[in-house]
> 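The structure that follows is given in the form of structure tokens.
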Amino acid sequence: MEIKGVAEKLLAGYIVNISERCNDIIIEVDSRNILKCLTILKNNENIAFDFLVDVVGVDNSQYLLKKDKAKKGEEPAVEAPKAPALPRYEVVYLLLSLQHNKRLIVKARVSEDNMTIDTVTSLWKAANWPEREVYDMYGIKFNGHPDMRRLLMWDEFKDYPLRKDYPLEGKGEKRALIYE
Amino acid sequence: MIDLIIALIKVVGIWSFTLGVAAVMTWVERRGAALIQDRPGPNRAGLFGILQPVCDGIKLFTKENIVPEKADKVLFNLGPIMFAIPAFSAFAVIPFGDRIIIGGKEILLQISNIDIGFLYIVALGSLAVYGVIIGGWGSNNKYSILGGLRSTAQLISYEVPWGLALLGVVLVYGTFNLREIALAQQGTFLGILPNWGVFHQPLGFILFMVAAYAEANRVPFDLPEAESEIVSGYHTEYGSMKLGVYLFGEYVNITTLSALTVTFYFGSWHLPYINMASFLGDGTIIYGIASFLIFCLKVSFFLWLFVWVRWTVPRFRYDQVMKLGWKSLIPLALFNLFITTLFIQIKYYIGG
Amino acid sequence: MAKPVVEKKYSFLDSIYLFEILKGMVLTMRHFMFNFFASFRPGPHTIPTTWQYPEDRREISPIFRGEHMLMLDEQGRELCVGCGMCAKICPAKCITVEMAKVKEGEESKYAGKTHCKNFNIDLLRCIFCGFCEETCPKSAIELGQGYELSRFTKEECQLGKERLLKNYHWAKKNNKLKPKKVEAEQPKDKKE
Amino acid sequence: MNNINLDEYIKVNIGPSHPAMHGTLRVIAWTDGETVMHCDPEIGYLHRGVEKLGESFTYHQFIPLTDRMNYCSAINSNVAYEAAVEKLMGVEIPLKAQLIRTIMCELARIADHQVCVGILGVDLGAFTPFFYLIIQREEIYEIFEWYNGARLTNTFGRIGGVENDLPADFDARWKELKPNLFKSIDETDKLLTHNRIWMDRTIGVSAFSPEDALNWGFTGPCLRACGVKRDLRKDEPYYQYANFKFDVPVGKNGDVFDRYMIRMQEMHESIKIIDQAYEMYKQLPPDAPLMAKVPKIIKPPVGEVYSSHETPNGELGFYIKSDGTDKPYRIKVRPPCYMIYQAFPELVQGEMIADLVACLSSLNVIAGELDR
């Protein structure tokens, strides 16, 4: 596919991994280079991914671990949680080129040690709230974001609810009402 | 002494009449709105829901009377009173019928026939704004104060075209006395039309109506209580009967304005082309009642018009109201006044 | 970020306010007249779009997803075998089922070899998605036509087995069982 | 926004319970008299953790949750989600199911636009058109009810197809509904469109340039109002949309009036689509399959997918990451009004409080979809 080839050429040296599935091209780049890569993708005339659809955060700590568990299910041995080989978090940028009517998924992995990544609000204002949401839900900080506050959860909330180790029922947090 | 008793009867009668009309109007408004919008509206209390206002009244009376903690208590309580009094008082000078002569004693169907009736009405109209601004200020609420400010600006702005439009009528009939204005509207004008103010002053009538809607805070000028913007405007914090007084005052206001419209522009108690006094007999009781009924009929049409317009049009924006008032209505009203004086002068030179 | 400035161009008729407002008033008056005369009609359902609720009720769909019921077969035996499939699929986790074996001498009461000892639906949690009905291998649970779900206490919102069976009897009496099931699986019902 | 001192202005808190707020939205506005100098929308009052819940639900169990996102047009959300899972599994649903989905989606789109236009009228003080529109929406809901038994939260469709055939009386109902729909739209048009008060209130209010709109991630009617012709039904046609003839209405200024006009015209287009889809549906044999062959317990292959549909508000996308089990590893919803609402401070800056309300209604921000 043309987009795949062009993108591969443009991002030569940055790409960690490239794959295709269900007509979606998924490019993985290093989190340090994300702003550069997206700038190239946006400004290049041949592909011009000028529309940011969404920014998604993913916690990969249990990805594909469950299968092992199921196999071991019968044995009651206490399994130590396997440390995933890849960095734990993933920030996924869903891009769209209005000119060429093509979509692209760009991924960057963020490790637990350094939970920061560059913001893309300078490229698309649309990244404002989605990035705040990723921060809210996973605790990944975006360098240079104009307004890095919690979005959906309240400001005094301590945890990051979409992490896999956060229980579904919550930890019993209650919102303290503070009157002005 | 007899004069005093008669005056008292008239005051009480008109007082209860306006209250009754206002109460029925709350029902008419809800039911009319419902029928316009393809739904039945309140239809459970009494026949066709006519007892709904009674239920509403009971509800409002039995609710807890809450004064917000940080409100200015004096002003908060004063607001509704200040709003209701001018609304009721304005009715004092409006003639609601011709006269009855009993035993040689002439009873005018009007509470007080004062010569400066016009000025009295205009003055009281300006007073109504205090109830709104005091209520809005006293509530200590941002929505209330916004509503109060909007209302003040609007009422003061529309006072001017309202008064100027009425001035045209005054010029035509040459008197400030409302009864004389009403009497002067008998007969025909230019041979074919009834001698009503609306045919002398068509532009003035339109200006007056628009300004009257603004004076009464009705759609399309209901910004002071625009529900979707500032909750309820100046009466956001009010509850129980204080809210009732505000709501009631609005309908009394509407009644007064409709009565004024009829008096100034629609020939008061006169029927077109028919001189009732001549075949029912001037001063008989039946004539008095008939004139009163005709007056009521005309007023009820204008009351319905208030409802009808309300459920048809959207609401203006604050700055657009101001623009319409100052840039369109006032110049037009002045123009109307100018044309009127011109015609009167021409008529004066030709005729006399 | 400067906002684009929009020029307003109005035709003369639009710009004088009154013409369009009068047109609108004619339209609302038409509606008013129609409904005004309609409201004098006898009976509670006068204005066509409004139902005067307690007196006249609208016809609801035969496959409406309302209050649940536990089904019986044509011999009056309980169909539920207590397998717990419904409890498993329920997205709101509102169903609790307790399975028990059918005791000797009670075979005439139950259709299967097992039955549900307890069956509880928490109406406060239920979202009426209809998945339980769809997944049940015996078609033993159905969402019926009851839509008046307000209760005075929390306890009343727990639909026990008795209540669910009562719902079934009510629906059968009023002929409100779902039509497609009756045709597809229980053709004998037609004779009744 | 940074160089103005907010302390100089009145701070007005609008919402979360305010007559003009659609659901639990909150806007804190700093106003200079009536003019909004800056505002800060605060969201999250209806945050129910749909994405977290989805990770513990099976793929089928997630469908009822999508009902509760955009409750004005639940069917569109259902279908968008199902399509995403089908794309992940590589399943092509049968033609009949496609057509039923199309018909139901377009009906839901009409219902959504009716609510949006009606509420816009109510917020600007014109109550009556709301009722004319909402009465016809009831008839649409009746069709839904006869289809699968629920009116608002439909839980429409299953992964791999739809659960029921169209009800037998659909033909009669649609024939009765169509002229009424036209009539109600026409009456709204008569009451509002050329009314000078309405035009003054809407034309030029919160106008937005197409560049800004794209930069902020606008989609749907709000983007088309700015003059960008983008409709996923045309540009990335799914189901049978490529075979239907319909126009994509485009505005010019991106103001409230254009958004209103686009929604009015889209209702007409939707009626056209339903007619064509129903013609196509009638030519199919009555026993044509409704479901593709999918296993009872859905376990999509490992991988991730992003799929989006054109819902009444814009592009509703689902990013699903599967780890091969019966539960999704991660579901991310891309609600259309989320992207639109974040531009709200820019949209209303310098307008009046009354315009803030008008702008909010015209964006059709729905709290359930916004907060998820």
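Here the structure is a predicted model, which means the values were calculated and not measured. Each chain gets a letter, A, B and so on, in the order its sequence line appears, and its residues count up from 1.
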> A/V134 versus chain D, heavy atoms under 4.5 Å apart: side chain, backbone, both or neither?
neither
> Counting only non-hydrogen atoms closer than 4.5 Å, does A/R132 touch chain D with its backbone (N, CA, C, O), its side chain (CB onward), both, or neither?
neither
> Heavy-atom distances under 4.5 Å only: say whether D/P335 touches chain A with side chain, backbone, both or neither.
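For D/P335, no heavy atom lies under 4.5 Å from chain A.
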> Let me confirm one number: the CH2-OH distance from A/W154 to D/Y45, rounded to the nearest 0.5 Å.
12.0 Å
> Please determine, among A/W124, A/F51, A/Y166, the option with the most heavy-atom pairs under 4.5 Å with chain D.
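Greatest number of close heavy-atom pairs with chain D: A/F51.
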> For D/Y306 and A/R103, which heavy atoms make the closest approach, and how far apart are they?
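So the two residues come closest at CE2-NH1, 3.4 Å.
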> Can A/E90 and D/K332 be counted as an ion pair, charged N to O under 4.0 angstrom?
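Salt bridge flag = no for D/K332 with A/E90.
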> Taking all non-hydrogen atoms of both residues into account, name the closest pair between A/K125 and D/Q342 and its distance.
O-OE1, 4.0 Å
> Out of A/L94, A/L52, A/I26, return the one with the most heavy atom pairs under 4.5 angstrom to chain D.
A/L94
> For the interface with chain D, which of A/D136, A/D50, A/L98, A/D147 has the highest count of heavy-atom pairs at distances below 4.5 Å?
A/L98
> Checking D/R372 against A/L152 for the side-chain contact (heavy atoms from CB on, under 4.5 Å) test, could you report, in this order, the C-alpha distance in whole Å, the side-chain angles of both residues, the deciding distance, and whether it holds?
CA-CA 9 Å; D/R372 309 181 300 293; A/L152 291 170; 4.1 Å; yes
> Please classify the contact of D/I331 with chain A as side chain, backbone, both or neither, using a heavy-atom distance under 4.5 Å.
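Neither; nothing under 4.5 Å.
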> Tell me, for D/R230 versus chain A, whether the close heavy atoms (under 4.5 Å) come from the side chain, the backbone, both or neither.
side chain
> Counting only non-hydrogen atoms closer than 4.5 Å, does D/L53 touch chain A with its backbone (N, CA, C, O), its side chain (CB onward), both, or neither?
both
> Is there a donor-acceptor pair under 3.5 Å between the side chain of D/R330 and the backbone N or O of A/D59?
no
> Look at A/R149 together with D/D40 and state whether they make a salt bridge at an N to O cut-off of under 4.0 Å.
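Yes, A/R149 and D/D40 are salt-bridged.
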> Just wondering, more than 12 heavy atoms not from D/K252 lying within 6.0 Å of its NZ?
no
> Please check if atom NZ in A/K141 has more than 12 non-hydrogen atoms from other residues, nucleotides or ligands closer than 6.0 Å.
no
> If I measure from the heavy atoms of chain D, does A/V92 come under 4.5 Å with its side chain, its backbone, both, or neither?
side chain
> Hey, does the side chain of D/Y319 reach the backbone of A/D54 with a donor-acceptor pair shorter than 3.5 angstrom?
no
> Side chain, backbone, both or neither: which part of D/S307 has a heavy atom under 4.5 Å from chain A?
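It is neither, since no heavy atom gets under 4.5 Å.
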> Are more than 12 heavy atoms, taken from residues, nucleotides or ligands other than D/R48, located less than 6.0 Å from that residue's CZ atom?
yes
> Given side chains that start at C-beta, do those of D/Y338 and A/E133 come closer than 4.5 Å, heavy atoms only?
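With C-beta onward as the side chain, the pair touches.
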> Nearest heavy-atom pair of D/G217 and A/A126: which atoms, and what distance?
N-CB, 3.6 Å
> Between A/I105, A/V58, A/N128, which shows the greatest number of heavy-atom pairs under 4.5 Å with chain D?
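Ranked by heavy-atom pairs under 4.5 Å with chain D, first place is A/V58.
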> Using heavy-atom distances under 4.5 Å, tell me whether A/L168 contacts chain D through its side chain, its backbone, both, or neither.
both
> Please flag which part of A/P130 lies under 4.5 Å from any non-hydrogen atom of chain D: side chain, backbone, both or neither.
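Both backbone and side chain.
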> Whether A/R150 and D/E42 form a salt bridge (side-chain N of Lys/Arg under 4.0 Å from carboxylate O of Asp/Glu) is what I want to check.
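Looking at A/R150 together with D/E42, the answer is no, because their closest N to O distance does not fall below 4.0 Å.
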> If you look at every heavy atom in A/L123 and D/N215, which pair is closest and at what distance?
O-OD1, 3.6 Å
> Is there a side-chain contact between D/E236 and A/N101, using heavy atoms and a 4.5 Å cut-off?
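SC-SC contact between D/E236 and A/N101 confirmed.
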> Report which part of A/L162 has an atom under 4.5 Å of a heavy atom belonging to chain D: side chain, backbone, both, or neither.
both
> Apply salt bridge (Lys or Arg N to Asp or Glu O under 4.0 Å) to the pair A/E169 and D/K52, showing each step before the final yes or no.
CA-CA 10 Å; A/E169 280 83 15; D/K52 183 84 179 169; over 6 Å; no
